[in-house]
Chemist: 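Before anything else, here's the structure in question.
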There are 2 protein chains.
Amino acid sequence: MTKIRDIAKRAGASIATVSRVVNGSGYVSAGMRARIEAAVRELDYRPNAGARAMRSGSSRMVGVLLPALDVHFFGILAHTVEQALFARGYQAMICSTAESPEHEAAYVGAMLAQQVDGVIMAAVASDGAGVGRLVAAGVPIVAVDRALPGLAAVAVDHHAGGRMLARHLLDLGHRAIGVVGAPDHSAPVQERLAGITAELAGAGLAPVAVRLGAEHGFEACRALADALLGEVLPTAIIGTTDMAAIGAIHAAAGRGLVVPRDLSVIGFDDLPAARYTIPQLTTVAQPVREIGQAAVERLLALMEGKPALPPPVLALRLVERGTTGRV
Amino acid sequence: MTKIRDIAKRAGASIATVSRVVNGSGYVSAGMRARIEAAVRELDYRPNAGARAMRSGSSRMVGVLLPALDVHFFGILAHTVEQALFARGYQAMICSTAESPEHEAAYVGAMLAQQVDGVIMAAVASDGAGVGRLVAAGVPIVAVDRALPGLAAVAVDHHAGGRMLARHLLDLGHRAIGVVGAPDHSAPVQERLAGITAELAGAGLAPVAVRLGAEHGFEACRALADALLGEVLPTAIIGTTDMAAIGAIHAAAGRGLVVPRDLSVIGFDDLPAARYTIPQLTTVAQPVREIGQAAVERLLALMEGKPALPPPVLALRLVERGTTGRV
DNA sequence: TTGTACGCGTTATCAA
DNA sequence: TTGATAACGCGTACAA
């Protein structure tokens, strides 16, 4: 690794001068600057991030704590957050907790050790000790996808989303509505379910069946929906995520039901996968990419001590495709 | 941030002793150890990673350079790599280049600055200067998903995969076979195409049409397949990725073709999405998660200067589902 | 306009 | 068994 001393020697300057040109601070003559810049280029010099952070107190790194990266939703979120951070000159430290509290704790420790300047997180459990340690250390935090008590948050109104799901089906004349969802420990899923129940209650109804599972993979969701259909036969099924809805479509097909003729199905998220089925999935879209960008904006404002930005307006949008119809 | 001096003061020890217990090196009396461990716990002390890296020469961080995180395949790969690294006590520094050479260059710089102990990468372009800088800096590298000249690689044999795709269709009696793929600049996609062509040539055939596009999203793939079907009418279409194949299924449906009766479709990867369509997609599966784990294993061996492990056996597997049938 | 020297938080060497 | 201290690479007062 080439270091500042190597550049100084090569350019016939002192390390202080090299530091000045690298950081664009203080006065340096044009000739000296040119020599130093040349040396930097020739030796591919990179200031040691650790030493720099130690001196300056800022690592220019932001921790991004997500429950998973192999779940498409979070992969997309991670991607946009990372791109937004990059554009502002920050390095993302992306950590996937694999839904495990121990992982989360370990990662919080790693972030603290790395002296991250801030953290964007979608916590598995809101009571997680991880958040507390971060807060205690005075690290600015923005919660994403799901709110965290006492913290700035960038998240869609999942409860309202749940209402939209139910409302759409009610408008279509459905009265016998089932709900399939996963993972059951996910706060957004629970909030959507509450929204569904509330909207249905407003019409004097209740879900004819609710099936929540721990696993959110395709097969688990399909099995969940299949179990539901084995017990009751609603005219519509709400998936609390697109994945759950897609599982429901397959469960229906497995039982010889034609969607949407015999059964309407609606999902939530509008992931790319919502377009994969035939007919394509009707769903309530949440603006994942805007969420990521808004979270980064808010975090940077927090980090720079700027006045808190107003909460972002994150619109949910009903995307009517082919899996819902009149009863 | 609490530092080693705070612990020393609190436990009535010297920083040297604290360092010893924290790192489990050297002799420390039981009493002293207990006092220090208590202080560490009470103050939630984390050794500063930067200072540690500076002193010890190792950052215990591994760079993971991927073209994207919002593409499900890479999200899964990132996840497994990250988990495997975590299990071995390493921190992953995940960077998504968004397929841009400038991003890649910037990230390589950041990795060098962070003093990463090694790098796992799926390079956008094999001629990338990024690789050169990493090699020049003596950083151990393992290429993943696609080989890189002169480097250890963990990747499936995409050419053989291409042959399997064609072989399956030939065995089913197909003679008029089209190919749809994206992104066209992807080396794996090109290799699979070469494999397809080779296998077809062995039967005295050539693809009736090949359509490669730059974008690999659903809509782009669908449009590509639709254009192909507008020109010729093969009895089967090979997608060089599952995404392309799913696009083909939709293009076929859009033209009133029934899969697999009128048109067989086969994909590559076996992503979760391969199960979302009805009928479910026949595809050649590559073991993504094994790839990620094997890459980590190989990199750690390299980093520890161990003898190079033999190249991993990464089996491709034909998964016959519902989208292919006899002509 | 440039250079010297100190300190950031650790680890490791050497003495005690 | 413990402690004082010299690096590690950098940024920045301060001196020149």
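Throughout, a chain's letter reflects where its sequence line sits, starting with A, and its residues are numbered from 1.
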Chemist: Think S19(B) has a side-chain N or O under 4.0 angstrom from the OP1 or OP2 of dT10(C)?
Modeler: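 It does not, given that no N or O in the side chain of S19(B) lies less than 4.0 Å from OP1 or OP2 of dT10(C).
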
Chemist: Is the phosphate of dT11(C) approached by N23(B) (side-chain N or O, under 4.0 Å from OP1 or OP2)?
Modeler: yes

Chemist: Rounded to whole angstrom units, what separation is found between the CD1 atom of I15(A) and the C1' atom of dA13(D)?
Modeler: 13 Å

Chemist: Please state how far atom CG in N48(B) lies from atom C1' in dT11(C), giving the value in whole angstrom units.
Modeler: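 Those two atoms, CG and C1', are 12 Å apart.
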
Chemist: For dT2(C), take OP1 and OP2 only and decide whether either is under 4.0 Å from a side-chain N or O of S29(A).
Modeler: yes

Chemist: Output the rounded distance in Å from CZ (R5(A)) to C1' (dC10(D)).
Modeler: 9 Å

Chemist: I need the CD1-P distance between I36(B) and dT1(D), as an integer number of Å.
Modeler: 14 Å

Chemist: Between Y27(B) and Q115(B), which has a closest nucleotide on DNA chain D that is more 5'?
Modeler: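 This one resolves to Y27(B).
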
Chemist: Could you please name the option among dG3(D), dC10(D), dG3(C) that lies closest to any side-chain atom of S14(A)?
Modeler: dG3(C)

Chemist: Any side-chain N or O of T17(B) below 4.0 angstrom from OP1/OP2 of dG3(D)?
Modeler: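 Looking at the OP1 and OP2 atoms of dG3(D), one of them is under 4.0 Å from a side-chain N or O of T17(B).
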
Chemist: What is the distance from NZ of K9(B) to C1' of dG3(D), rounded to the nearest Å?
Modeler: 16 Å

Chemist: Any idea which of dG3(D), dG9(D), dG3(C) is nearest the A13(B) side chain?
Modeler: dG3(D)

Chemist: Answer yes or no: side-chain N or O of R46(B) and base N or O of dG9(C) forming a donor-acceptor pair under 3.5 Å.
Modeler: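 Donor-acceptor pair under 3.5 Å: no.
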
Chemist: Please confirm whether the shortest side-chain N or O distance from R52(B) to OP1 or OP2 of dT11(C) is below 4.0 Å.
Modeler: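 Affirmative; the distance criterion is met.
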
Chemist: Taking only side-chain N and O atoms of Y45(A), does any of them lie within less than 4.0 angstrom of OP1 or OP2 on dC10(D)?
Modeler: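 For dC10(D), OP1/OP2 do have a side-chain N/O of Y45(A) under 4.0 Å.
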
Chemist: Looking across every strand, which nucleic acid part, if any, lies under 4.0 Å from M1(A) by heavy atom: base, sugar-phosphate, or nothing?
Modeler: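 The residue M1(A) makes no contact with any strand.
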
Chemist: Say whether E99(B) and H185(B), considering side chains only, have a donor N or O and an acceptor N or O under 3.5 Å apart.
Modeler: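 Yes, a side-chain donor-acceptor pair sits under 3.5 Å.
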
Chemist: If only side-chain N and O atoms count, and only distance matters, is there a donor-acceptor pair under 3.5 Å linking T17(B) with S14(B)?
Modeler: yes

Chemist: Let's test your reading of the model: under 3.5 Å, does the base of dA12(C) pair with the side chain of R55(B) as donor and acceptor?
Modeler: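 No such pair is found, so the answer is no.
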
Chemist: If each of R20(B) and M54(B) is mapped to the nucleotide of DNA chain D with the nearest heavy atom, which maps nearer the 5' terminus, i.e. the 5' end?
Modeler: R20(B)

Chemist: Nearest to the side chain of I4(B), heavy atoms from C-beta on, is which of dA12(C), dT2(D), dT10(C)?
Modeler: dT10(C)

Chemist: Identify the two heavy atoms, one from R146(B) and one from P67(B), that lie closest to each other, and give their separation to 0.1 Å.
Modeler: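 Heavy atoms of R146(B) and P67(B) come nearest at NH2-CG, 4.1 Å.
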
Chemist: Within this structure, what is the CE-CE distance for the pair M61(A) and M111(A), rounded to the nearest 0.5 Å?
Modeler: 9.0 Å

Chemist: Hey, what's the ring geometry for F86(A) with Y107(B), parallel, tilted or perpendicular (30° and 60° as the breaks)?
Modeler: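 Because their plane-to-plane angle lies in the 30° to 60° range, the rings of F86(A) and Y107(B) count as tilted.
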
Chemist: Between N23(A) and R52(A), do the side chains contain an N or O donor and an N or O acceptor separated by less than 3.5 Å?
Modeler: yes

Chemist: Over how many whole Å does the gap from R60(B) atom CZ to dT10(C) atom P extend?
Modeler: 17 Å

Chemist: In whole Å, what is the span from the CG atom of D6(B) to the C1' atom of dG9(C)?
Modeler: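 In whole Å, dG9(C) C1' and D6(B) CG are 11 Å from each other.
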
